[in-house]
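This one's a predicted model, so the numbers in the text were calculated from it and none came from an experiment. Position 1 is the first residue of the sequence; numbering continues from there.
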Amino acid sequence: CYGITALFLGPIQRFFISEAVFNGYLVYLPHGVSVLATMLFGWKAFLPLLVGHFGGRYFFPSEHLVETMALPVILTAACSFFAFEVFRRCGKDCYANEARDTHWRAVFAVGVLAALIGALGQSLLLPAPGSVGDITSQYAFVAAGNIWGLFVFLFVLMFLFRWARLYGSRGSKEQS
């Protein structure tokens, strides 16, 4: 998802929006990976996500991925876990469980909270130049990019799983 975001979505975005207006991604797909991995594996997803975030920034360097310090990367890897834990402590366990189905709306709500936690944390950890309004709008764009990335990620997965169910069931009928 880092590669798709940095190599495909980034150039399309730069064609329409100047970097002087917004220095980030309006569709940041790695956030969707973080939310889904945390939903499936809980706290155990943290280390692989941390490695993935560092690796993504190393293999797909971009002027938009300004988090080169370790603390913001750790926060990015942990914000989904924090959001799932907030929901769990409020009585809504959204982690994947064989005993019950987790609805996509609940996962999306957790992802929105994770995006807000991540944007807030990055606003505190990464000093941004400019006025308070510039800083606020920059991090609002970062949160929105994470939310849109989660939406696109879940939307694509929905169609892939639907396609797999549709064509997977046809393939098994033809074989019988």
Side-chain angles (χ1 to χ4, degrees), residues 1-41 45-87 94 104-130 134-161:
C1 285
Y2 271 105
I4 292 169
T5 301
L7 301 175
F8 179 69
L9 297 176
I12 292 172
Q13 175 181 312
R14 284 189 293 280
F15 181 75
F16 292 104
I17 300 172
S18 168
E19 291 176 15
V21 175
F22 174 61
N23 187 22
Y25 290 112
L26 290 175
V27 178
Y28 187 66
L29 297 175
H31 181 66
V33 173
S34 293
V35 171
L36 192 64
T38 304
M39 180 189 89
L40 294 173
F41 301 108
F46 176 73
L47 186 58
L49 287 174
L50 188 63
V51 170
H53 285 298
F54 276 117
R57 283 165 175 74
Y58 178 77
F59 289 112
F60 301 103
S62 172
E63 62 277 1
H64 296 299
L65 299 175
V66 297
E67 304 99 346
T68 55
M69 301 181 314
L71 203 51
V73 174
I74 292 168
L75 173 73
T76 302
C79 67
S80 293
F81 176 72
F82 292 146
F84 274 97
E85 285 300 303
V86 166
F87 269 69
C94 297
W104 70 267
R105 288 185 189 123
V107 174
F108 189 76
V110 171
V112 168
L113 180 60
L116 296 175
I117 291 170
L120 177 64
Q122 288 183 16
S123 70
L124 297 173
L125 294 173
L126 296 173
D134 292 340
I135 294 168
T136 304
S137 64
Q138 177 68 24
Y139 292 106
F141 281 129
V142 169
N146 285 346
I147 293 167
W148 275 108
L150 173 65
F151 176 78
V152 169
F153 186 79
L154 291 176
F155 192 75
V156 168
L157 279 180
M158 178 190 69
F159 277 107
L160 288 175
F161 288 138

Identify the heavy atoms of [X] and [Y] that sit nearest to each other, and give their distance.
| X | Y | result |
| --- | --- | --- |
| Ala6 | Pro11 | O-CD, 3.5 Å |
| Cys79 | Ala114 | SG-O, 3.5 Å |
| Pro48 | Ala45 | CD-O, 3.3 Å |
| Gly32 | Leu150 | CA-CD1, 3.8 Å |
| Val33 | Cys1 | CG2-SG, 3.5 Å |

[atom1] of [X] to [atom2] of [Y]: how many Å apart, nearest 0.5 Å?
| X | Y | atom1 | atom2 | value |
| --- | --- | --- | --- | --- |
| Trp148 | Leu29 | CH2 | CG | 12.5 Å |
| Ile4 | Phe153 | CD1 | CZ | 9.0 Å |
| Leu120 | Tyr139 | CG | OH | 10.5 Å |
| Ile12 | Tyr25 | CD1 | OH | 11.5 Å |
| Leu113 | Phe87 | CG | CZ | 5.5 Å |

Does a side-chain heavy-atom distance below 4.5 Å link Trp104 with Met158?
no
Quick one: are Phe46 and Thr38 in side-chain contact, heavy atoms under 4.5 Å?
no
Take Val27 and Thr5 through the side-chain contact (heavy atoms from CB on, under 4.5 Å) test and state the conclusion after the steps.
CA-CA 7 Å; Val27 178; Thr5 301; over 6 Å; no
Surrounding CZ of Phe108 (heavy atoms of other residues, nucleotides or ligands, distance under 6.0 Å), is the total greater than 12?
yes
Using a cut-off of 6.0 Å, state whether more than 12 heavy atoms not belonging to Phe82 lie near its atom CZ.
no
Residues which pass side-chain contact (heavy atoms from CB on, under 4.5 Å) with Ala115, listed by chain and number, not counting sequence neighbours:
His31, Asn146, Ile147
Can you sort out the partners of Phe15 under ring pair (Phe, Tyr, Trp, His ring centres under 6.0 Å), two or more places apart, ordered by chain and number?
none
Can you classify the ring geometry of Phe155 versus Phe159 as parallel (below 30°), tilted (30 to 60°) or perpendicular (above 60°)?
perpendicular
Tell me which donor-acceptor pairs under 3.5 Å the side chains of residues 49-56 have, and how far apart each pair is, sequence neighbours excluded?
unit_1, atom_1, unit_2, atom_2, d
His53, ND1, Tyr2, OH, 2.5
His53, NE2, Ser34, OG, 3.2

